[in-house]
Each structure stands twice: as C-alpha cells, then as structure tokens.
2 protein chains.
Amino acid sequence: MDDFDLEQFVPFRLNRAAEFIALRFAAAYKAEYGLTRPEWRTLAALGSSGRMTATEVGVHSTMHKTKVSRAVFALEERRWLKRTQHEDDRRVEHLELTAAGIKAYRELTRLARAYSAELENLLGSDGLKALSSGLTAVENAMVKRRR
Amino acid sequence: MDDFDLEQFVPFRLNRAAEFIALRFAAAYKAEYGLTRPEWRTLAALGSSGRMTATEVGVHSTMHKTKVSRAVFALEERRWLKRTQHEDDRRVEHLELTAAGIKAYRELTRLARAYSAELENLLGSDGLKALSSGLTAVENAMVKRRR
DNA sequence: TCTATATGGTTACAAACGTAACTGTCAATT
DNA sequence: AATTGACAGTTACGTTTGTAACCATATAGA
C-alpha cells in the first residue's frame with residue numbers, strides 16, 4: 001500500500017527492543033524486591049557513586065526530578081536510604097544508602113551482572129558489540145543535543 | 001565504591017536511548033496531530049498493511065490489546081478509521097483507514113522518513129548501521145524467547 | 001534591605017498504563 | 001441442544017507517569 005514500514009523504523013525498533021530487554025530484567029527486581037524502575041536506578045546510582053543529591057541522581061540516571069523524588073521517598077521508607085541536610089544550602093539534601101541499602105545494592109548488582117552475561121548469550125557476542133556501539137552513537141548524539 | 005556502573009549497563013543504556021530517540025519523534029506527532037504513541041502505531045500499521053483486525057494490529061506493532069482498543073476508539077472518533085464486521089465471525093472486526101486517515105498517514109510517514117534521515121545524520125552512517133544490526137540481534141532473540 | 005529571579009525538592013491533578021475481570025461469540029464435545 | 005472452553009475486544013480499577021504549580025531557600029541587583 002505504501003513504502004513505509006513500521007517494522008523497519010528505528011525509533012519503533014529501539015522502543016520495542018528496550019521494552020523487551022529492560023522488562024526482562026525489571027521482572028527480577030520487581031518480583032524479588034518489589035522495586036520500581038526509578039527505585040532501582042536510584043539505588044544503583046547511589047550504590048556506585050556514594051553520596052549524591054537528588055538532582056545529581058536525576059542527571060546520572062536520566063530521570064525526571066519527580067521520579068527521583070518519589071523513588072527517594074520509597075527507598076527511605078524501606079530504610080535503604082537516608083538523607084542529611086547540606087550544611088550551607090538548606091534546599092539541598094545529600095542522599096546515602098544505609099547498610100541495608102548497600103546490602104540490597106550488592107545483591108541487585110549481582111543480578112545485573114548475571115543478566116549482562118545472559119544478554120551476551122542471548123544476542124551473541126557480535127550482536128551485543130554492535131548494539132553497544134550503536135548505543136554509543138546515540139549517546140554521543142544526546143550529548144550534542146542536550147539543552 | 002563498587003565495580004557496577006549503571007552507565008555501562010546495556011538495559012539502562014537501551015532504555016535511555018529509546019526514550020531519547022522515540023520522544024524526539026513523538027514530540028512531532030503529538031504536537032502537530034495530538035496523537036499518542038499507540039495511536040500513531042495503529043495508524044502506521046493500518047496505513048502500510050491495509051485492512052487488519054485489532055489483534056493483528058497488536059501483533060504487528062507489539063502492543064497490548066487494551067492499548068490497541070483505546071487507540072482504535074480514538075482514531076475512530078477522529079474519523080480516521082472505520083470498523084466493519086467480519087462476515088462469518090462476529091467477534092472480529094476489520095479496521096481500515098478512511099480517506100482522512102490515509103491522508104494523515106501519508107503526512108506522518110513523510111515526517112517519519114524525514115526523521116530517519118535526520119537520524120542517519122545524528123548518529124552517523126556507521127553508528128546507525130551498528131545500531132540497526134544490534135537491534136536485529138535483539139529481534140532474533142525476541143523471536144526465540146517468545147512465549 | 002528589599003525585590004526579583006533562580007534553584008532544590010515536593011505535591012496536585014489529569015492522562016496513560018497494565019492487570020484482571022468482563023461481554024459476546026464461536027467451536028468442540030456430549 | 002446443552003455445556004465447556006477458547007478467543008476478540010472492552011471496561012473497571014488501581015498504579016505510574018508527566019506537567020505545572022508550589023514551597024522553601026539562596027543569590028544578585030537596586
């Protein structure tokens with residue numbers, strides 16, 4: 001009928017692939033820990049970088065500040081995270097994982113590494129390399145276009 | 001603090017890239033036509049494949065049937081789509097674009113093609129190729145794992 | 001010091017979503 | 001013909017989301 005094919009359209013394919021890959025991993029932390037994606041991302045950001053502000057978490061994990069705010073609240077309720085006020089600027093709060101949070105982080109990253117390995121298996125070494133370098137290209141473009 | 005880095009985790013990178021790439025295009029059809037993503041996908045599926053059932057649209061564009069149902073309703077209200085009952089099986093309905101729907105489809109696909117070109121520019125020819133072949137790897141994996 | 005503007009973070013509200021339950025229809029079995 | 005199970009599509013409900021407004025604090029300029 002026409003020469004446009006949704007199946008070949010990169011934005012569509014990218015979305016579908018992301019859903020497939022991410023959902024498969026999300027199922028793990030959702031089922032086992034009841035975490036949402038923003039929560040997992042926040043945990044991961046704080047776990048690997050140590051103390052950060054909410055804004056920094058947002059930048060690091062590319063999440064909107066309302067998502068971060070809600071995730072921080074949830075993690076705090078779970079006693080995986082604690083806040084401390086910045087000395088000089090009382091608008092800012094520093095976020096840090098508690099011992100329990102660090103423990104959870106370790107377990108989750110173990111899962112994440114296992115999934116990375118599974119992914120290499122699933123996509124093949126070449127497939128994964130191609131994907132990764134394609135993603136790098138996107139990331140470079142994102143930096144250029146960032147407002 | 002640890003050797004896990006969210007920035008290097010493929011599911012995260014994939015998600016972020018998809019958001020960036022898809023949102024940039026979504027902004028166009030959302031701003032100019034007030035379409036949601038399910039609506040655009042439904043339009044695209046029907047535009048390129050002609051008459052289909054709702055279930056087929058869902059398979060073709062990997063959307064849950066509730067999304068398809070809502071999108072079909074919205075497009076119908078807009079008079080871009082009409083339903084006709086299947087002769088033999090009254091559960092099934094055939095979906096087809098109206099003249100106005102086809103016109104919209106043409107305009108949207110023009111935008112989509114323009115965006116594809118922009119993408120090649122943005123990612124570079126090699127980057128786009130790598131991305132595409134990485135996506136193919138994911139797609140192959142999806143087929144294998146499809147339940 | 002007062003005002004204006006920017007910033008960190010939260011919240012209210014409406015839209016979009018997924019899950020599961022539902023309606024109506026069909027096919028197979030009895 | 002009646003029953004059962006499967007399937008197409010819709011709807012109800014609770015959750016998650018994004019936008020925009022908001023509060024509190026900080027900074028700069030008059």
Side-chain angles (χ1 to χ4, degrees), chain A residues 15-16 18-20 22-24 26-27 29-31 33-42 45-46 51-77 81-96 147, chain B residues 15-16 18-20 22-24 26-27 29-31 33-43 45-46 51-78 81-96 147:
Chain A
N15 240 314
R16 191 178 48 179
E19 247 165 56
F20 176 76
L23 228 64
R24 182 173 276 284
Y29 57 71
K30 195 175 174 187
Y33 298 88
L35 284 178
T36 65
R37 185 151 60 203
E39 286 159 27
W40 148 246
R41 283 192 185 178
T42 301
L46 290 173
R51 209 170 71 151
M52 297 172 92
T53 69
T55 301
E56 286 165 351
V57 170
V59 171
H60 184 77
S61 56
T62 16
M63 291 195 296
H64 191 265
K65 59 182 183 171
T66 61
K67 272 190 185 171
V68 176
S69 174
R70 286 157 182 152
V72 165
F73 180 79
L75 292 175
E76 191 184 23
E77 260 200 327
L81 173 157
K82 63 174 185 296
R83 322 183 189 218
T84 57
Q85 281 214 335
H86 186 95
E87 320 72 61
D88 299 336
D89 187 339
R90 281 189 302 174
R91 291 171 304 180
V92 179
E93 46 195 25
H94 295 291
L95 307 172
E96 210 168 353
R147 97 231 52 158
Chain B
N15 240 312
R16 191 178 49 181
E19 250 164 56
F20 176 74
L23 229 62
R24 180 174 276 285
Y29 56 71
K30 196 175 171 185
Y33 297 88
L35 285 180
T36 65
R37 183 152 60 203
E39 285 159 27
W40 147 244
R41 283 193 185 178
T42 301
L43 184 74
L46 290 173
R51 207 169 74 151
M52 297 172 92
T53 69
T55 301
E56 286 165 351
V57 170
V59 171
H60 184 79
S61 56
T62 16
M63 291 195 298
H64 192 265
K65 58 181 182 171
T66 61
K67 273 190 186 172
V68 176
S69 174
R70 287 160 183 151
V72 166
F73 179 79
L75 291 175
E76 192 184 22
E77 261 199 326
R78 210 182 269 250
L81 174 157
K82 63 176 185 295
R83 321 184 190 218
T84 57
Q85 282 215 335
H86 186 97
E87 320 71 64
D88 301 335
D89 188 340
R90 281 188 301 172
R91 293 172 302 181
V92 179
E93 44 193 26
H94 296 292
L95 308 172
E96 209 167 355
R147 95 227 52 165

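Chain letters run A, B, ... following the sequence lines, proteins first and then strands; every chain starts at 1. Model, not experiment: these values are computed from the prediction.
Two residues are said to be in side-chain contact when any heavy atoms from C-beta on lie closer than 4.5 Å; A/Met52 and A/Leu46 meet this criterion. Residues B/Tyr29 and B/Arg37 meet the side-chain proximity criterion, which asks for heavy atoms closer than 4.5 Å. Considering only heavy atoms from C-beta on, B/Arg90 stays 4.5 Å or farther from B/Val92 through its side chain. A/Arg83 places none of its side-chain heavy atoms less than 4.5 Å from the side chain of A/His94.
Toward the 5′ end of DNA chain C lies the nearest nucleotide of A/Ser69, the other residue of the pair A/Ser69 and B/Arg90 mapping further downstream.
Straight-line distance from the CG atom of A/Leu75 to the C1' atom of C/dG9: 16 Å, rounded to whole Å. Here the P atom of nucleotide D/dA24 and the CG atom of A/Asp89 are 16 Å apart, to the nearest Å. D/dA24 atom C1' lies 11 Å from atom CD of A/Gln85, rounded to whole Å. Between the CD atom of B/Glu76 and the P atom of D/dG9 there is a distance of 13 Å, given to the nearest Å. Rounded to an integer number of Å, the gap from CD of A/Glu93 to P of D/dA26 is 13 Å. Taking atom CG of B/Leu35 as the reference point, atom C1' of C/dA16 lies 15 Å away to the nearest angstrom. Summarising the geometry, the separation between CD on B/Glu87 and C1' on C/dT25 is reported as 15 Å, rounded to the nearest angstrom.
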Restricting both atoms to N or O, compile the protein contacts to nucleotides 15-23 of chain D shorter than 3.5 Å, with distance only.
unit_1, atom_1, unit_2, atom_2, d
D/dG18, O6, A/Arg70, NH2, 2.9

Could you go over nucleotides 5-7 of chain C and give all protein N or O partners under 3.5 Å, atom names and distances?
unit_1, atom_1, unit_2, atom_2, d
C/dT7, O2, A/Arg91, NH1, 2.6

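No side-chain donor-acceptor contact under 3.5 Å links B/Arg51 to the backbone of B/Leu95.
In the model, A/Glu39 has a side-chain atom that pairs as donor or acceptor with a side-chain atom of A/Thr36 under 3.5 Å.
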Item to check | Check against side-chain contact (heavy atoms from CB on, under 4.5 Å), B/Met63 and B/Thr42 | outcome: CA-CA 9 Å; B/Met63 291 195 298; B/Thr42 301; 3.5 Å; yes
Checklist entry - Given A/Glu76 and A/Lys82, is the side-chain contact (heavy atoms from CB on, under 4.5 Å) satisfied, shown in steps? => result CA-CA 6 Å; A/Glu76 191 184 23; A/Lys82 63 174 185 296; over 6 Å; no
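Of all heavy-atom pairs spanning B/Gly58 and B/Val68, the tightest one is CA-CG2, 3.7 Å.
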